Every structure is written in C-alpha cells, then in structure tokens.
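For reference, the structure is listed below as structure tokens.
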Amino acid sequence: MSRKDNSGKGKASGRGGGNTRKRSSARGNAPLQRKKPTIKKEQKGGKTNHQKNPDGIRLNKYIANSGICSRREADTYIKTGLVSVNGNIINQMGYKVQLNDDVRFDGRRINPEPDTYVLLNKPKAVATTTSESKGLTVMDLISNATTANVKPVGRLGRNATGLLLFTNDDKLVKKLHSKGMPRLFHIELDKNLKASDLQKIEEGLTIDGKTVEVEEISYVENSPKKEIGLKIKNMGNSIIRDIFGHLGYDVVKVDCVTIAHLTKKDLPRGRWKILTKKEVELFSMM
C-alpha cells in the first residue's frame with residue numbers, strides 16, 4: 001500500500017504531496033488540557049470556606065500550640081472526631097481555622113495563644129470597644145502591646161479616664177464577671193455631695209428595682225466635697241452615672257485609679273504595660 005493511501009485526518013507532513021500524519025503527543029506537542037477545578041467535599045459536620053483564607057492556622061498546629069499534644073497526635077484526635085470548630089466536628093486534615101474560632105477538644109474550648117494581660121491608662125475621648133467604626137478606640141492604643149486576641153475587661157465611658165485591663169484569659173474574665181472586679185474611682189460632681197446622700201450610697205441604693213451596693217465611698221481629702229472616692233465591684237459602663245444621677249447630681253469627671261491590686265504607678269496617661277507574673281498571680285487571691 002502506498003503512503004498516499006495511509007491518509008489521516010491530520011495536517012500534511014510536508015515530506016511529500018498529500019502525505020498526512022497523525023498529531024503527535026510528544027513532549028511539547030500534546031494538546032492543552034484544561035484542568036477541572038477541584039471541588040473539596042464538605043466533611044461531615046464541617047465547612048470548607050476557612051480553607052480560602054491564607055491567614056488561617058492549621059487545626060493540628062492550633063491544637064499543638066494550646067499545649068494539649070503534638071501535631072502528629074493532634075492529627076489522630078482530629079481523625080477520631082474529638083475536635084470541633086464552631087460547633088461542627090472536623091475530621092479533615094489540613095483544615096484551617098482563625099484565632100477567634102471556637103475550637104474545642106473533647107468538648108473543652110482551647111486557646112493557642114499564651115495568656116496575656118495588658119494594663120492601659122486610658123486617656124479621655126477614647127472609646128472602650130473592639131469595633132473599628134467608633135473612631136479612636138482603646139484597641140488602637142494597645143495595638144503594639146501584643147499579637148494575642150485580648151479584649152477589655154469591664155468598660156470605661158468615652159470621656160472617662162484611668163485604668164483598663166485587657167486579657168485573653170477566659171477563666172479570669174469569667175471569674176471577674178461572676179465575683180466582680182474591685183475598682184476605685186476618683187469622681188468629680190457638678191456640685192458638693194451632701195453627707196446624707198453619701199450615707200444613702202454607702203448603705204445601698206435601689207435603682208429601677210435593683211439594689212446597687214458599693215464597697216467604699218468617701219470625700220477626697222483636701223478637696224472640695226464634690227470630689228468623691230468610690231470603690232465598686234460592678235463592671236458596668238453607666239453604673240456611676242446611675243448612682244449619682246438617681247440623687248440629682250451630674251458626673252463631670254471619672255478616673256479609674258486602681259483595679260484590684262493594680263495602680264497607675266509609673267504608667268502615664270495613654271500608655272500601657274504587660275502585667276508581671278506576680279501581678280497576675282495576685283488575681284488568684286480574689
């Protein structure tokens with residue numbers, strides 16, 4: 001049979017008239033094949049949208065950083081369904097999570113960051129919030145203090161000044177919210193506080209059907225009687241204004257002087273410091 005008879009559908013080879021050849025699949029000549037997008041199957045009880053975020057941390061590393069076990073051991077625990085993220089059991093290797101995700105090992109929430117404690121001497125006109133839409137906030141002031149996901153414990157009004165504690169220690173936060181956090185405030189009123197009203201506050205006021213108790217209250221020494229020292233465990237933002245407003249006074253200034261055993265010593269307004277081990281340990285005595 002002649003070469004002419006061995007025709008194919010391909011293009012002429014150029015070696016002779018009408019001679020054709022089949023398309024070669026040799027290296028460099030293979031037809032381009034478009035890769036089909038890989039679709040990750042959703043794990044039972046889990047979601048894969050975290051995988052798109054390159055800033056996430058691998059789940060096994062997250063667990064290892066929390067001090068529970070090694071990464072290799074964490075993989076085993078993940079496979080056996082002992083780990084959940086935001087309420088969903090995750091058994092996918094390489095799954096990534098964010099630092100603010102609710103990650104639980106055998107039902108107990110874990111934290112990959114070391115417990116961190118920051119004390120700020122808050123200036124006026126700064127909001128106590130983690131929201132980024134409130135102008136200058138206390139989170140902006142401590143942005144260089146730590147990379148840990150700390151949050152303020154208790155609140156101070158925008159125009160209040162003084163000490164504010166931040167931490168990522170959930171156990172301490174729960175303890176302070178349940179038992180209260182003693183704070184001493186230097187308060188200035190629009191007029192002198194009557195001795196009879198001071199006594200009423202000392203004995204406990206009923207405001208909107210709730211009894212408001214204080215630890216201590218007194219006039220500030222060598223100052224007008226409109227300047228008051230008030231120690232209270234309540235961690236609310238408006239409690240001080242509620243107390244004095246109930247008796248017909250306007251609060252002009254509020255300054256948090258101490259939090260438990262912590263003071264403003266060597267901490268200028270607008271500055272922060274990391275608490276020492278001893279300062280942290282003293283919270284256990286509360």
Side-chain angles (χ1 to χ4, degrees), residues 38-119 128-132 138-139 142 145-155 164-182 233-237 259-260 274-286:
T38 302
I39 300 175
K40 293 185 179 181
K41 291 183 179 180
E42 181 175 320
Q43 298 296 310
K44 187 177 180 181
K47 295 181 180 180
T48 59
N49 55 353
H50 281 66
Q51 313 314 306
K52 298 177 182 178
N53 192 333
D55 297 327
I57 178 174
R58 284 180 176 268
L59 184 54
N60 61 353
K61 182 179 179 182
Y62 187 107
I63 296 170
N65 287 355
S66 71
I68 289 178
C69 59
S70 67
R71 285 200 201 185
R72 184 172 295 180
E73 290 170 326
D75 286 336
T76 301
Y77 293 132
I78 293 170
K79 289 177 183 177
T80 55
L82 284 176
V83 181
S84 68
V85 178
N86 299 328
N88 299 313
I89 299 295
I90 300 297
N91 48 30
Q92 175 185 345
M93 294 299 100
Y95 190 88
K96 288 186 177 182
V97 296
Q98 306 303 309
L99 290 177
N100 60 352
D101 282 339
D102 184 340
V103 180
R104 295 179 183 266
F105 175 81
D106 199 19
R108 178 172 63 87
R109 187 166 186 175
I110 58 177
N111 188 347
E113 300 174 327
D115 288 339
T116 305
Y117 310 84
V118 180
L119 186 67
T128 304
T129 179
T130 56
S131 172
E132 296 180 356
V138 291
M139 302 309 295
I142 66 161
T146 177
T147 57
N149 187 31
V150 297
K151 294 180 180 179
V153 183
R155 293 177 62 83
L164 191 61
L165 176 66
F166 300 77
T167 186
N168 59 346
D169 183 347
D170 289 338
K171 288 183 180 179
L172 177 60
V173 172
K174 288 179 182 177
K175 178 180 179 179
L176 294 177
H177 275 286
S178 63
K179 292 189 175 184
M181 182 172 68
K233 284 187 174 181
N234 190 299
M235 295 168 64
N237 183 30
I259 294 177
I274 302 294
L275 296 191
T276 65
K277 184 178 180 181
K278 184 177 180 180
E279 288 173 325
V280 174
E281 288 175 346
L282 287 174
F283 278 110
S284 64
M285 300 175 64
M286 290 176 54

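All figures in this text were calculated on a predicted structure; none of them were measured in a lab. By convention here, the first residue in the shown sequence is residue 1.
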(message) Under 4.0 Å between a side-chain nitrogen and a carboxylate oxygen: does that hold for D102 and R104?
(response) yes
(message) I'd like to check M93 versus K79 (side-chain heavy atoms, cut-off strictly below 4.5 Å). Are they in contact?
(response) yes
(message) Distance check, rounded to the nearest 0.5 Å: H177 atom NE2 versus K174 atom NZ?
(response) 11.0 Å
(message) Minimum heavy-atom separation for R155 and T128, please, with both atom names.
(response) NH1-O, 2.8 Å
(message) Using 0.5 Å steps for rounding, measure from the CG atom of L59 to the CZ atom of F105.
(response) 11.0 Å
(request) Begin with the C-alpha distance, continue with both residues' side-chain angles, and end with the deciding distance and a verdict on side chain to side chain contact (heavy atoms under 4.5 Å, CB included) for I68 and R108. (result) CA-CA 11 Å; I68 289 178; R108 178 172 63 87; 3.9 Å; yes
(request) Could you tell me if the ring centre of Y117 sits under 6.0 Å from that of F166? (result) no
(request) Report yes if the side chains of V153 and M235 come closer than 4.5 Å at any heavy-atom pair, otherwise no. (result) yes
(request) Without swapping roles, check the side chain of N65 against the backbone of Y62 for a donor-acceptor pair under 3.5 Å. (result) no
(message) Just so I know, are the side chains of V280 and D115 near enough to count as touching, which here means a heavy-atom distance under 4.5 Å?
(response) no
(request) Output yes when a side-chain donor or acceptor of T167 lies under 3.5 Å from a complementary backbone atom of T116, and no otherwise. (result) yes
(request) Using atom types as modelled and distance alone, determine if a side-chain donor or acceptor of D101 lies under 3.5 Å from a backbone N or O of V103. (result) no
(request) Without swapping roles, check the side chain of K175 against the backbone of F283 for a donor-acceptor pair under 3.5 Å. (result) yes
(message) N60: which residues meet the side-chain contact (heavy atoms from CB on, under 4.5 Å) condition with it, sequence neighbours left out?
(response) R58, R71, A74, D75, I78
(message) Minimum heavy-atom separation for I274 and A145, please, with both atom names.
(response) CD1-O, 3.9 Å
(request) Report yes or no: do E73 and S70 form a side-chain donor-acceptor pair below 3.5 Å? (result) yes
(request) Could you pull out the closest heavy-atom pair between L176 and M286, with the gap in Å? (result) CD2-CE, 3.6 Å
(message) Can you confirm whether I142 sits close enough to T146 that some side-chain heavy atom of one is under 4.5 Å from a side-chain heavy atom of the other?
(response) no
(request) Search all heavy atoms of N100 against all heavy atoms of R109 and return the closest pair with its distance. (result) O-NH2, 4.0 Å
(message) I want to check something: taking the side chain as every heavy atom from C-beta on, are I259 and P182 in contact at a cut-off of under 4.5 Å?
(response) no
(message) What I'd like to find out is whether the side chain of C69 reaches to under 4.5 Å of the side chain of I63, using heavy atoms alone.
(response) yes
(request) Return the minimal non-hydrogen interatomic distance between P152 and T130, and the atom names on each side. (result) CD-CG2, 4.0 Å
(request) Kindly compute the distance separating CD (Q98) from CG (N86), expressed to the nearest 0.5 Å. (result) 10.0 Å
(request) Measure across N111 and E113 and return the closest heavy-atom pair with its distance rounded to 0.1 Å. (result) OD1-N, 3.0 Å
(message) Checking N149 against N168: is there a side-chain donor and acceptor pair closer than 3.5 Å?
(response) no
(request) Answer whether the closest heavy-atom distance between the side chains of I89 and V83 falls below 4.5 Å. (result) no
